[in-house]
Number of protein chains: 2
Amino acid sequence: MQINQNYLNLKDSYLFTNIENRVKNFQQKHPNVKLIRMGIGDVTLPLADAVVHAMRKAVDEMGGASTFHGYSSERGYEFLRDSIKKYYLAKGVHLNLSEIFVSDGAKSDIGNVLDIFGRENTALIPDPVYPVYVDTNIMHGRRIEFLAGNEENEFLPLPDASMPADIIYLCSPNNPTGSVYNKEKLQVWVDYANKNDAIILFDAAYEIFVSDDNLPSSIFQIPGAENCAIEFGSFSKTAGFTGVRCGYTIVPENLKRKINGEFISLNKLWLRRQTTKFNGVSYITQRGADAALSEKGLAQIRENIGYYRQNAKIIADTLSELKIWFTGGRHSPYIWLRTNGMSSWEFFDFLLEKARLIGTPGAGFGECGEGFLRLSAFGDRENVRRGMRQFKEIINTL
Amino acid sequence: MQINQNYLNLKDSYLFTNIENRVKNFQQKHPNVKLIRMGIGDVTLPLADAVVHAMRKAVDEMGGASTFHGYSSERGYEFLRDSIKKYYLAKGVHLNLSEIFVSDGAKSDIGNVLDIFGRENTALIPDPVYPVYVDTNIMHGRRIEFLAGNEENEFLPLPDASMPADIIYLCSPNNPTGSVYNKEKLQVWVDYANKNDAIILFDAAYEIFVSDDNLPSSIFQIPGAENCAIEFGSFSKTAGFTGVRCGYTIVPENLKRKINGEFISLNKLWLRRQTTKFNGVSYITQRGADAALSEKGLAQIRENIGYYRQNAKIIADTLSELKIWFTGGRHSPYIWLRTNGMSSWEFFDFLLEKARLIGTPGAGFGECGEGFLRLSAFGDRENVRRGMRQFKEIINTL
């Protein structure tokens with residue numbers, strides 16, 4: 001028996017373990033200090049009433065002989081796919097129900113989608129980046145090219161003709177930098193992909209934070225994307241579903257590639273993958289997700305997003321006042337700031353010890369993240385205020 | 001961009017589509033005939049009260065600021081893994097919490113586990129079989145050997161030294177045949193795997209139907225299995241969770257393989273796979289699964305299993321009375337019967353047209369399934385009674 005030896009090429013991601021260890025050491029030395037956690041990307045507000053109400057009803061249905069639901073379609077219930085279709089229609093994007101695949105979360109789909117691609121493809125991954133893009137390709141033994149994000153391109157790299165790629169990862173609004181591609185820049189990527197027979201895997205997990213209608217919140221708002229892109233959506237940040245688990249993947253019917261003279265539909269390949277290795281999402285979860293997209297639900301979840309966005313503004317305003325370079329915060333829950341000459345980890349320790357504030361060192365997201373730090377706005381308002389007061393004080397001591 | 005061309009080698013599984021088409025045609029001709037569905041393997045009884053109660057409470061917690069849960073561990077909450085540990089302890093199997101991985105269902109894990117194995121392995125798959133074992137290996141381009149199940153071996157094939165294998169699939173109680181390996185036969189498999197450095201993927205989805213303590217309901221009841229086996233468990237049949245989605249995979253800490261001189265832990269490989277391509281199961285679902293394993297929950301789900309088992313007995317008794325050869329029914333919700341000289345599909349049509357009864361043609365589960373048919377006991381008592389009365393009548397006309 002042989003294991004998949006590509007796994008031996010994975011670096012253990014020590015990022016969050018490393019953070020936790022440093023925090024533990026600090027707290028042992030200072031047991032009475034209250035730390036402010038602005039590192040994690042997990043939501044903190046409870047589920048919206050509309051969602052709770054719908055899931056409570058669904059639980060009761062599952063307990064009744066005449067209302068019980070067994071296996072659902074691996075694609076997801078039509079009622080939910082129909083709501084997702086309407087959600088996209090409001091963005092000016094027309095989808096067929098057959099192009100929408102409901103899942104237990106974008107992270108699963110982003111990893112699993114690589115099943116339908118050949119190993120000989122080259123993956124093009126921006127740096128800094130969500131580590132899952134890198135690790136899932138290493139597991140397949142795929143060649144990876146990194147595209148540098150930096151201050152010059154505001155962490156929004158554009159195609160580089162010297163870097164031919166088959167699978168291109170784009171995340172906008174970006175994790176970890178919070179930067180957002182505008183339509184012109186995203187059009188450049190779509191045109192590049194179509195010209196080079198590449199596929200764009202577009203991670204739209206943070207799309208609801210886009211507050212400017214001139215900025216794209218779906219790649220399918222860009223002409224030509226239906227011929228080259230797969231989009232991953234999530235209820236995790238949109239509706240606070242990190243602990244409920246629901247996402248969706250959009251694979252256009254037009255997304256085809258010619259193999260041995262015949263056109264193969266990637267939609268059909270993904271359907272085959274999901275019907276073979278997946279068995280659908282809980283009826284209760286799907287009812288909750290559907291309620292989140294109802295008129296009432298959308299109003300409630302947008303109120304929560306507004307709360308996080310206001311937190312982000314408090315962080316951003318502090319940084320502007322301190323003249324610290326940063327991206328994000330406006331159309332994203334993340335703020336990506338320069339660590340003023342210190343290394344990511346030096347600045348992390350500095351914040352921890354002097355400001356009692358926990359961030360995420362940018363170096364944990366890739367080489368190009370060195371010299372930066374990520375702050376998350378998914379927290380309690382009072383903590384964010386206190387955190388930024390303490391941040392300001394220590395920066396002024398420098 | 002290249003697709004995974006192994007997908008082009010998949011045969012479309014027309015089985016259930018084919019069944020639905022024939023049923024549709026029949027109903028168009030006979031709109032007033034009430035058909036009895038004994039084909040599908042989906043549960044019909046509602047969730048147990050203990051489960052409904054726990055999930056209702058969990059939904060309310062998710063709606064409260066102080067009781068909300070965000071991301072859970074990809075391994076699953078400790079409260080649920082601890083209940084699974086106790087469930088196995090009652091079978092005489094000692095597990096560490098680190099050996100238990102909670103997931104959204106056994107089907108996902110059975111497909112995804114192949115990620116950690118090399119492509120050069122040969123998979124040994126009994127025939128007839130759950131089609132997912134075959135398709136997931138075709139997707140990886142792995143060599144597959146089939147092991148024939150038949151009347152002589154009561155559809156419980158044993159190792160064949162002329163068929164070297166690296167990955168061995170065993171499903172007991174079996175889907176579709178309902179046959180169960182005894183301890184002696186399972187020991188032969190475990191010894192064979194240990195001798196040949198093979199891994200057994202043991203599908204225990206139907207373990208709760210085992211009503212004889214002398215029969216194994218977990219492969220880890222067999223000495224040596226902790227060095228060669230991974231077990232897949234499911235709440236789908238156990239607790240009626242087909243529409244709720246929860247399962248678990250047991251990967252022993254002792255399961256290691258020597259690669260380039262060093263021992264690699266398959267438990268660590270699976271943990272890495274899950275932390276990279278999976279994000280845990282809904283808190284609400286995990287609370288429901290945990291309640292199913294509580295004292296009250298177990299009593300309630302065993303009552304449901306007893307109901308299905310009684311259905312199975314009604315089917316089995318009818319077949320015995322008619323002197324039709326069959327397996328299963330005693331420790332399984334499935335009965336696998338000989339189609340008396342007709343082909344699987346001829347017998348399917350015969351049952352449909354004459355007895356108004358829908359079964360599943362054995363040929364749909366592999367070449368060795370030809371000449372057999374599967375009946376499912378997951379139905380309503382009155383329908384099963386009526387179905388078997390009608391079955392008896394038409395058999396007597398032969």
Side-chain angles (χ1 to χ4, degrees), chain A residues 1-5 7-8 10 42-47 49 52 55-56 59-60 62-65 68-72 104-105 107-108 111-112 115-118 120-121 132 135-136 139 166-167 197-199 242-245 257 259 264 266 269 272 276-285, chain B residues 1-5 7-8 10 42-47 49 52 55-56 59-60 62-65 68-72 104-105 107-108 111-112 115-118 120-121 132 135-136 139 166-167 197-199 242-245 257 259 264 266 269 272 276-285:
Chain A
M1 196 284 300
Q2 281 299 322
I3 66 155
N4 174 358
Q5 299 207 26
Y7 272 62
L8 305 179
L10 289 164
D42 197 359
V43 297
T44 54
L45 292 172
L47 295 178
D49 287 346
V52 171
M55 291 207 290
R56 213 186 272 132
V59 168
D60 291 343
M62 294 296 281
F68 175 76
H69 290 76
Y71 286 119
S72 80
D104 64 316
K107 185 183 176 188
S108 302
N112 293 335
D115 274 21
I116 68 172
F117 296 110
E120 60 277 49
N121 294 308
V132 162
D135 291 348
T136 51
M139 286 172 171
D166 306 299
I167 301 169
D197 186 47
I199 297 281
T242 54
V244 178
R245 313 306 316 140
R257 286 298 182 263
I259 309 295
I264 304 292
L266 272 72
L269 290 181
R272 192 62 161 95
T276 306
K277 297 191 186 183
F278 183 63
N279 221 339
V281 175
S282 168
Y283 172 72
I284 298 152
T285 301
Chain B
M1 196 283 300
Q2 280 301 321
I3 64 155
N4 174 358
Q5 299 206 24
Y7 272 63
L8 305 180
L10 290 163
D42 197 359
V43 297
T44 54
L45 292 171
L47 295 178
D49 288 346
V52 171
M55 291 207 291
R56 215 186 270 131
V59 168
D60 290 343
M62 295 296 280
F68 175 76
H69 290 76
Y71 286 119
S72 80
D104 63 317
K107 185 182 177 190
S108 302
N112 293 335
D115 274 21
I116 68 171
F117 295 111
E120 59 276 51
N121 295 309
V132 161
D135 290 349
T136 52
M139 287 172 169
D166 305 300
I167 301 169
D197 185 46
I199 297 281
T242 54
V244 178
R245 312 308 314 142
R257 286 300 181 263
I259 309 296
I264 304 292
L266 272 72
L269 290 182
R272 191 63 160 94
T276 306
K277 297 191 187 183
F278 183 62
N279 221 340
V281 175
S282 168
Y283 172 72
I284 298 153
T285 301

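Reminder, nothing fancy here: chain letters follow the sequence lines and each chain counts from 1.
- Heavy-atom distances place the side chain of A/Asn121, and not its backbone, under 4.5 Å from chain B.
- Considering only heavy-atom pairs separated by less than 4.5 Å from chain B, the leading option among A/Asp166, A/Asp197, A/Asn4, A/Val132 is A/Asn4.
- Residues B/Ser108 and A/Asn279 approach most closely at OG-N, 4.4 Å, considering heavy atoms.
- Residues B/Arg272 and A/Asp135 are paired through a salt bridge, judged by an N-O separation under 4.0 Å between the basic side chain and the carboxylate.
- Heavy-atom distances place both the backbone and the side chain of A/Asp115 under 4.5 Å from chain B.
- A 4.5 Å side-chain heavy-atom check between B/Tyr7 and A/Ile116 finds at least one atom pair inside the cut-off.
- Interatomic distance, CZ of B/Arg245 versus CD1 of A/Ile284, reported as 12.0 Å (0.5 Å rounding).
- For chain A, the option among B/Val43, B/Leu266, B/Leu269 with the highest count of heavy-atom pairs below 4.5 Å is B/Leu269.
- Using a 4.5 Å cut-off between heavy atoms, A/Leu45 contacts chain B through its backbone alone, with no side-chain atom that close.
- Here the OG1 atom belonging to A/Thr276 is positioned 6.5 Å from the CG atom belonging to B/Leu10, to the nearest 0.5 angstrom.
- Side-chain contact between A/Val244 and B/Tyr283 is absent, with no heavy-atom pair separated by less than 4.5 Å.
- Atoms CG and CZ, from A/Asp60 and B/Arg56 in turn, are 4.0 Å apart once rounded to the nearest 0.5 Å.
- Using a 4.5 Å cut-off between heavy atoms, A/Asp104 touches chain B through its side chain atoms alone.
- Shown here for B/Gly70 and A/Asp42, the closest heavy-atom pair between the two residues is CA-OD2, 3.4 Å.
- Proximity to chain B involves both the backbone and the side chain of A/Met62, based on heavy atoms less than 4.5 angstrom apart.
- For A/Ile264, the part lying under 4.5 angstrom from a heavy atom of chain B is the side chain only.
- Contact count against chain B (heavy-atom pairs under 4.5 Å) is highest for A/Val59 among A/Val281, A/Val59, A/Ile167.
- Here CD of B/Gln2 is found 5.0 Å from CD1 of A/Ile259. Values are rounded to the nearest 0.5 Å.
- Only the side chain of A/Arg257 comes within contact range of chain B, judged by heavy atoms closer than 4.5 Å.
- Between B/Met55 and A/Met55, the closest side-chain pair of non-hydrogen atoms is not below 4.5 Å.
- By number of non-hydrogen pairs under 4.5 angstrom with chain B, the leading residue of A/Asn112, A/Thr136, A/Leu8, A/Ile3 is A/Ile3.
- Put simply, NZ on A/Lys107 and OH on B/Tyr71 are 8.0 Å apart, with the number rounded to the nearest 0.5 Å.
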